[in-house]
There are 2 protein chains.
Amino acid sequence: MEKDLTTEGRILTAARSIFQQKGLAGARMQEIADEAGINKALLHYYFRSKDKLFERILEEAIGKFLPELFGVWEGEGNILEKIERFVHRYISFVAENPYVPSLILHELTINPEKAGMIRKMGFKPPKDKMMMEVMLGVQAGLIRPVHPMDLILNIISMCVFPVLARNMIQGVMLIDDLTYQEMIETRKKSVADFVIQSLRP
Amino acid sequence: MEKDLTTEGRILTAARSIFQQKGLAGARMQEIADEAGINKALLHYYFRSKDKLFERILEEAIGKFLPELFGVWEGEGNILEKIERFVHRYISFVAENPYVPSLILHELTINPEKAGMIRKMGFKPPKDKMMMEVMLGVQAGLIRPVHPMDLILNIISMCVFPVLARNMIQGVMLIDDLTYQEMIETRKKSVADFVIQSLRP
DNA sequence: GTCTATACCTCGATAGAC
DNA sequence: GTCTATCGAGGTATAGAC
């Protein structure tokens, strides 16, 4: 527990928690103030408005989410090794921060213009690098020919969706919490296997 | 355009549209009334409250979403044929109704208890049937051994996520609308291929 | 069934004392 | 920097005429 942060820090922690749970429209400034153990007026003293505070949280979430998503591609190893590492690391990250992609997803769905924020943050996705890596793997005979973007989308989908849609899936499939958690854990390996099996030449 | 529906029908159409775009908390009764071309008070005459109206829309969405999701498993053919049919039909459905899974996902994430609604609607997922089908395929030597639930989650993830997270992905990957739409179209085939390749014994 | 008018409330935001 | 008190906008919901 971080009791003795600065006031600004406590506000940000509280705002993160509430916005992640309820989204922008569903969150209440009073709730954030309560969670931070301070007064509503102080929120406006530190951050001018609810929108400004939210934008700060969303930026922070994106700033955490994207590097994690693409960092692996910068490392060592061939395409198969990178896929294995990516899947493991990414499922771990999403499982530990389940609300991060959820928040980004919902707010960008409601308000697509906010996607512009990504570019403003100076973030450049290593799309070309990823494409290239896949094509090199094909040429080296490591993997069968696939469309790089399809492959990337498939991998990300299988990593993120089961965590993102956890409540929905559990509700539909009638799976209890513990079982589901174990399944996510198992998937760190099984998803990588699933992809690698598919890529056999 | 359905101009001359009953008033109740016009309200439901409008509510669907607004709730899908903004979620429960973000939607405004005034907005729904405007879109339906009627007065705010009439909303409360037909449906007692905002919550009741929303519940109706959510139930309707789930009632549309789930049968589509599981209907294929009741049909003819072996596991590979069913997978191919499922992927094609499901991506088509989600692409035509992109907001349906989005609405369900967001509201069940915020309010997991609402998942109970699924059972109240008398819906039973054919989980056992799906499991059995996969295991039969393994025994027949059609596919390599896999954990059925993993396989099902993988398939659903690859079908739903790219549509669900469209704005996020386009924003991150800098892909324009037309290209993305074509990609979704292509995926009706490529995702099925990807799965079937992975399942080679 | 459909409208206008309005009651009642909650929320975001600000003023001003300390 | 932090609090209490309060304003004003805008929200859901209802009363009551037609």
Side-chain angles (χ1 to χ4, degrees), chain A residues 1-61 103 106-107 109-111 113-114 117, chain B residues 1-61 103 106-107 109-111 113-114 117:
Chain A
M1 284 301 155
E2 57 278 280
K3 283 248 165 157
D4 37 357
L5 276 172
T6 62
T7 301
E8 181 169 343
R10 290 216 313 284
I11 292 177
L12 285 173
T13 302
R16 212 173 289 132
S17 162
I18 301 296
F19 280 136
Q20 283 171 351
Q21 286 174 57
K22 316 232 168 151
L24 171 57
R28 297 287 161 252
M29 293 297 262
Q30 184 63 60
E31 219 178 343
I32 296 175
D34 290 347
E35 178 118 345
I38 52 135
N39 190 280
K40 232 184 5 170
L42 260 193
L43 295 181
H44 290 89
Y45 176 79
Y46 276 91
F47 306 87
R48 270 181 53 80
S49 67
K50 187 187 183 186
D51 278 341
K52 289 262 198 305
L53 178 54
F54 179 75
E55 197 162 322
R56 171 71 174 269
I57 298 296
L58 185 60
E59 256 182 51
E60 184 194 86
L103 180 73
H106 182 242
E107 297 305 334
T109 298
I110 285 185
N111 212 332
E113 313 87 69
K114 281 192 178 148
M117 182 191 293
Chain B
M1 285 299 158
E2 55 279 284
K3 282 245 166 162
D4 36 355
L5 275 172
T6 62
T7 301
E8 181 169 341
R10 290 219 310 287
I11 292 177
L12 285 172
T13 303
R16 212 173 291 133
S17 162
I18 302 296
F19 281 135
Q20 283 170 351
Q21 287 174 57
K22 317 234 167 147
L24 171 57
R28 297 287 161 250
M29 293 296 264
Q30 184 62 60
E31 219 179 345
I32 296 174
D34 290 347
E35 178 117 346
I38 52 136
N39 190 281
K40 240 184 353 174
L42 261 193
L43 295 181
H44 290 89
Y45 175 79
Y46 277 91
F47 306 86
R48 269 182 54 79
S49 67
K50 188 188 183 185
D51 278 340
K52 289 264 199 305
L53 177 56
F54 179 75
E55 196 161 324
R56 171 71 174 268
I57 298 296
L58 185 60
E59 256 182 51
E60 184 194 87
L103 180 72
H106 182 243
E107 297 304 334
T109 298
I110 286 185
N111 212 332
E113 314 89 67
K114 280 192 180 148
M117 183 192 293

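Naming: A, B, ... by sequence-line order, numbering from 1 per chain. Note that these values count all heavy atoms, side chains included, but never hydrogens, waters or copies made by symmetry. Predicted, not measured: the structure shown is a model, and the values here were computed from it.
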Student: Could you tell me how far apart A:K50 (NZ) and C:dT14 (P) are, to the nearest whole angstrom?
Tutor: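 My rounded result for the distance is 15 Å.
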Student: Under 4.0 angstrom, heavy atoms only, what part of the nucleic acid is B:A27 near: base, sugar-phosphate, or nothing?
Tutor: sugar-phosphate
Student: Using whole Å, report how far CD of B:E31 lies from C1' of D:dG10.
Tutor: 13 Å
Student: For D:dG1, does either OP1 or OP2 sit under 4.0 Å from a side-chain N or O belonging to A:T7?
Tutor: no
Student: Please give, in whole Å, the distance from C:dC9 P to B:M29 CE?
Tutor: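 After rounding, the gap between these two atoms is 19 Å.
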Student: So which of residues 34-47 of chain B are in contact with DNA chain D, with a heavy-atom cut-off of under 4.0 Å?
Tutor: B:K40, B:A41, B:H44
Student: Send over the distance from B:I11 CD1 to C:dG1 C1', rounded to a whole Å.
Tutor: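 These atoms are roughly 11 Å apart.
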Student: Give the minimum heavy-atom separation between B:H44 and B:R48, together with the two atoms involved.
Tutor: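 Shortest heavy-atom separation between B:H44 and B:R48 comes out as CD2-O, 3.3 Å.
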Student: Going by atom type alone, with no hydrogens or angles, which donor-acceptor pairs under 3.5 Å involve a side-chain atom of residues 24-33 of chain B and a protein atom two or more places apart or on another chain?
Tutor:
{"unit_1": "B:R28", "atom_1": "NH1", "unit_2": "B:A25", "atom_2": "O", "d": "3.3"}
{"unit_1": "B:Q30", "atom_1": "NE2", "unit_2": "B:D34", "atom_2": "OD1", "d": "2.9"}
{"unit_1": "B:E31", "atom_1": "OE2", "unit_2": "B:K22", "atom_2": "NZ", "d": "2.7"}

Student: Do B:L53 and B:F19 have side-chain heavy atoms sitting under 4.5 Å apart?
Tutor: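 B:L53 reaches B:F19 side chain to side chain.
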Student: Please report the shortest heavy-atom distance between B:I57 and B:R16, naming the atom on each side.
Tutor: CD1-N, 3.8 Å
Student: Taking all non-hydrogen atoms of both residues into account, name the closest pair between B:E35 and B:A14 and its distance.
Tutor: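 Taking every non-hydrogen atom into account, CG-CB, 3.6 Å.
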Student: Could you tell me if the side chain of A:D51 sits less than 4.5 Å from the side chain of A:E55, heavy atoms only?
Tutor: no
Student: Take the protein atom CG of A:L24 and the nucleotide atom P of C:dC11, then report the distance between them rounded to whole Å.
Tutor: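 Whole-Å distance recorded here is 14 Å.
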Student: Whole angstrom is fine here: how far is it from CG in A:D51 over to P in C:dC11?
Tutor: 16 Å
Student: Quickly work out the B:E8 CD to C:dG1 P distance and round it to whole Å.
Tutor: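 The answer, rounded to whole Å, is 9 Å.
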Student: Does A:S49 make a side-chain N or O approach to OP1 or OP2 of C:dG12 shorter than 4.0 Å?
Tutor: no
Student: Could you give the CZ-to-C1' distance, from B:R48 to D:dA15, as a whole number of Å?
Tutor: 15 Å
Student: Mind telling me whether B:H106 and A:H106 have parallel, tilted or perpendicular rings, with 30° and 60° as the class edges?
Tutor: parallel
